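Here the structure is laid out as structure tokens; the discussion comes afterwards.
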Amino acid sequence: MKKILIVVFVLLLGLFGCTKTQTKEELLAEYQSITEQSAAMTSYAMNMEMNIAMTIGEDSYNSTVETNMVVQDLGTETAKLYMSANTSTEGTDVTLESYFVDGVAYMDINGTRYYQEMTNDDYLSMTGTYSSAFLQESSYIDTITKTKEGNLTVYTIVLNTDGLMEVYNDMIGELDYDTLGIDVTYDHAAISLKVNKDNYIESMTIDTAFQMSTSDDYVIDCAFTGSAGFTDYNSAVVTLPDDLDTYTAYTTAAETSEIQTMDDFAQWLVTDYGFEEIETNIFRQEYADGQYYYFDLNNYIYSYENSSAKYDYYFNDNIGMVGTCVYDFNTETGTNCTDDEISNLQYTQQAMAYDLEQAGLY
């Protein structure tokens with residue numbers, strides 16, 4: 001009887017007690033292989049939901065994006081893509097339906113249809129299509145664990161600060177926080193991947209949070225959550241509609257803008273954009289207490305003024321000046337400039353670009 005018990009005990013150890021605990025390096029290597037295989041898929045279907053929540057003082061704002069996408073033969077000359085998306089922000093909805101075929105993107109945004117020639121990469125970038133490139137960088141990972149959920153393997157990853165920053169850059173585009181004068185404090189970023197027996201990612205979730213603050217104690221708390229599911233690995237097919245010939249060619253805002261002369265622009269500044277003419281062809285807009293923006297159309301200067309100084313951007317020469325500081329945007333070099341002065345001059349240039357974009361000129 002004792003011998004039988006020993007045999008049973010040995011068998012149980014073999015079944016349940018001898019599983020070797022994987023090291024972080026082993027898990028990372030396993031994980032790397034899985035993400036590389038999933039990223040190499042040329043055809044697949046995906047559904048995704050993202051939510052961005054912001055709190056500013058006592059005010060809260062939420063934005064939700066729901067996306068469905070079908071990718072066929074990505075990275076080849078025969079690539080076809082389909083995407084539908086709905087963005088909802090505080091009760092305002094924007095719907096998008098888009099196709100990409102033969103190097104042409106067809107876009108339908110809230111019923112406005114146009115087409116534009118572009119590459120695969122340009123299309124993916126323009127539509128904000130999420131790429132999982134950051135998931136393949138093991139240096140972004142702080143911890144990784146592995147569990148089972150039915151027939152699926154679940155990898156739970158906690159990202160470090162660099163990884164969290166890469167998530168936001170990948171999702172919403174890279175932002176130069178230093179230039180914008182914003183301090184960012186990262187809180188957390190956790191990602192969960194569910195992988196099938198063929199080592200393809202079937203679904204993923206992400207939960208992140210961070211805080212942005214400015215020098216004038218303006219604080220924004222942000223949280224980002226998202227989930228995505230993948231199907232039809234290497235077999236998805238895009239079905240094109242039969243009315244793509246009804247889309248019209250895309251034209252830039254500058255091509256269709258009613259602003260064609262300097263006088264048109266001066267009138268737009270006052271009648272449509274909240275500037276006041278304080279001298280002939282010199283316009284000022286109050287942004288906040290002690291902060292102003294200026295357009296000097298006599299000398300081609302755009303300025304930003306705060307309680308510390310007035311920062312001038314000479315847009316014909318692409319030169320910024322404040323006090324004795326001269327910053328050349330062409331060579332990105334400054335003379336007699338502090339980091340703070342350069343940061344504010346860069347912000348001034350970006351503010352002007354934003355204003356011109358509102359006018360349909362940029």
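Keep in mind the model is a prediction, meaning the values are calculated, not measured. Atoms considered below: every heavy atom in the structure, side chains included; atoms not considered: hydrogens, waters and symmetry mates.
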F265/F295 under ring pair (Phe, Tyr, Trp, His ring centres under 6.0 Å): CA gap, chis, key distance, verdict:
CA-CA 10 Å; F265 182 64; F295 264 108; 5.1 Å; yes
Passes side-chain contact (heavy atoms from CB on, under 4.5 Å), D243 versus R113? Steps please.
CA-CA 11 Å; D243 62 348; R113 294 180 164 192; 3.0 Å; yes
List the steps and the verdict of side-chain contact (heavy atoms from CB on, under 4.5 Å) for D207 and T205.
CA-CA 7 Å; D207 177 17; T205 60; over 6 Å; no
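Defined by atom type and a distance below 3.5 Å, a donor-acceptor pair is missing between the side-chain atoms of Y114 and D108. In this model, a donor atom of one side chain and an acceptor atom of the other lie less than 3.5 Å apart for D221 and Q211. D198 and Y233 share no donor-acceptor pair across their side chains, judged by distance under 3.5 Å alone. If you check the side chains of D93 and S88, you find a donor sitting under 3.5 Å from an acceptor. The closest side-chain donor-acceptor pair between T261 and D264 falls under 3.5 angstrom. Side-chain atoms of Y302 and Q349 form no donor-acceptor pair, as typed in the model, at a separation below 3.5 Å. One side chain, N110 or T95, offers a donor N or O that lies under 3.5 Å from an acceptor on the other.
The 12-atom threshold is not exceeded at CG of D102, counting heavy atoms of other residues, nucleotides or ligands nearer than 6.0 Å. The environment of NZ in K148 is crowded: more than 12 heavy-atom neighbours from other residues, nucleotides or ligands sit within 6.0 Å. Within a 6.0 Å radius of CD in Q358, more than 12 heavy atoms belonging to other residues, nucleotides or ligands are found. In K194, the NZ atom is not crowded: 12 or fewer heavy atoms of neighbouring residues, nucleotides or ligands sit closer than 6.0 Å. In E276, the CD atom is crowded: over 12 heavy atoms of neighbouring residues, nucleotides or ligands sit closer than 6.0 Å. Within 6.0 Å of the CG atom in N298, the count of heavy atoms belonging to other residues, nucleotides or ligands exceeds 12.
Here the CG-OH distance, from L345 to Y311, works out to 7.5 Å after rounding to the nearest 0.5 Å. Remark: M41 CE to L74 CG distance equals 10.0 Å, nearest 0.5 Å. In this structure, OH in Y300 is found 5.0 Å from CE in M262, a value given to the nearest 0.5 Å. Note that OG1 of T208 and CG of L159 are 9.0 Å apart. Values are rounded to the nearest 0.5 Å. Atom OG1 of T348 and atom CG of N344 lie 6.5 Å apart (nearest 0.5 Å). From M204, atom CE reaches atom CD1 of I157 across 8.0 Å, with rounding to the nearest 0.5 Å.
Residue I301 is not grouped with residue V322 when hydrophobic side chains (ILVMFWY) are merged at heavy-atom distances under 4.5 angstrom, including chains of intermediate members. Under a hydrophobic clustering in which Ile, Leu, Val, Met, Phe, Trp and Tyr are joined whenever their side-chain heavy atoms come within less than 4.5 Å, directly or via other members, I342 and M321 fall into different clusters. Placement of W268 and F275 within a single hydrophobic cluster is found when ILVMFWY residues are connected by side-chain heavy-atom separations under 4.5 Å, directly or transitively. A continuous path of Ile, Leu, Val, Met, Phe, Trp and Tyr side chains, each step under 4.5 Å between heavy atoms, connects V65 with V94, placing both in one hydrophobic cluster. A single hydrophobic cluster is seen to contain both Y293 and V270, as judged by linkage of ILVMFWY side chains at heavy-atom distances under 4.5 Å, directly or through other members.
Partner N318 forms a side chain to side chain donor-acceptor pair (under 3.5 Å) with one of T331, D328, N330 and no other, that one being N330. Considering Y294, Y313, Y354, Y347 as possible partners of Y304, the one that fulfils the ring pair (Phe, Tyr, Trp, His ring centres under 6.0 Å) test is Y347.
Applying the ring-ring contact (aromatic ring centres under 6.0 Å, His included) test to pairs two or more places apart or on separate chains, none has a residue in residues 56-78.
Proximity of V71 to M69: side-chain heavy atoms (C-beta onward) are separated by under 4.5 Å at one or more points. With contacts defined as side-chain heavy-atom distances shorter than 4.5 Å, the pair F329/Q346 qualifies. At least one side-chain heavy atom of S63 sits less than 4.5 Å from a side-chain heavy atom of T87. For the pair V154/K146, no side-chain contact is recorded, criterion being any heavy-atom separation below 4.5 Å from C-beta on. Counting heavy atoms from C-beta outward, T76 and T42 have side chains that stay 4.5 Å or more apart. Looking at I144 and K24, their side chains come closer than 4.5 Å, going by heavy atoms from C-beta outward. Side chains of L152 and N196 form a contact here, defined as non-hydrogen atoms less than 4.5 Å apart. Contact check for F224 versus F210: no side-chain heavy atoms found under the 4.5 Å cut-off.
The shortest non-hydrogen separation linking Y155 to T153 is CE1-CG2, 3.5 Å. Scanning all heavy atoms of the two residues, the minimum distance from Y106 to L244 falls at CE2-O, 3.7 Å. In plain terms, the two heavy atoms of F230 and I201 that are nearest each other are CB-O, 3.5 Å. The nearest pair of heavy atoms linking F100 to M118 is CE1-O, 3.4 Å. Closest heavy-atom contact between D73 and S43: N-OG, 3.0 Å. Of all the heavy atoms in M83 and T67, the pair that sits closest is CG-CG2, 3.7 Å.
Residues forming a side-chain hydrogen bond (donor to acceptor under 3.5 Å, both in side chains) with T64 (at least two apart in sequence, or on another chain): N51. For D312, the side-chain hydrogen bond (donor to acceptor under 3.5 Å, both in side chains) test picks out S303, with sequence neighbours left out.
In this pair, Y82 and Y99 present their aromatic rings tilted. The plane angle is within the 30 to 60° band.
Side chain of T89 to backbone of T92: no donor-acceptor contact under 3.5 angstrom is found. The closest donor-acceptor contact from the side chain of E277 to the backbone of N281 lies under 3.5 Å. Put simply, the side chain of D296 gets close to the backbone of N299: a donor and an acceptor are under 3.5 Å apart.
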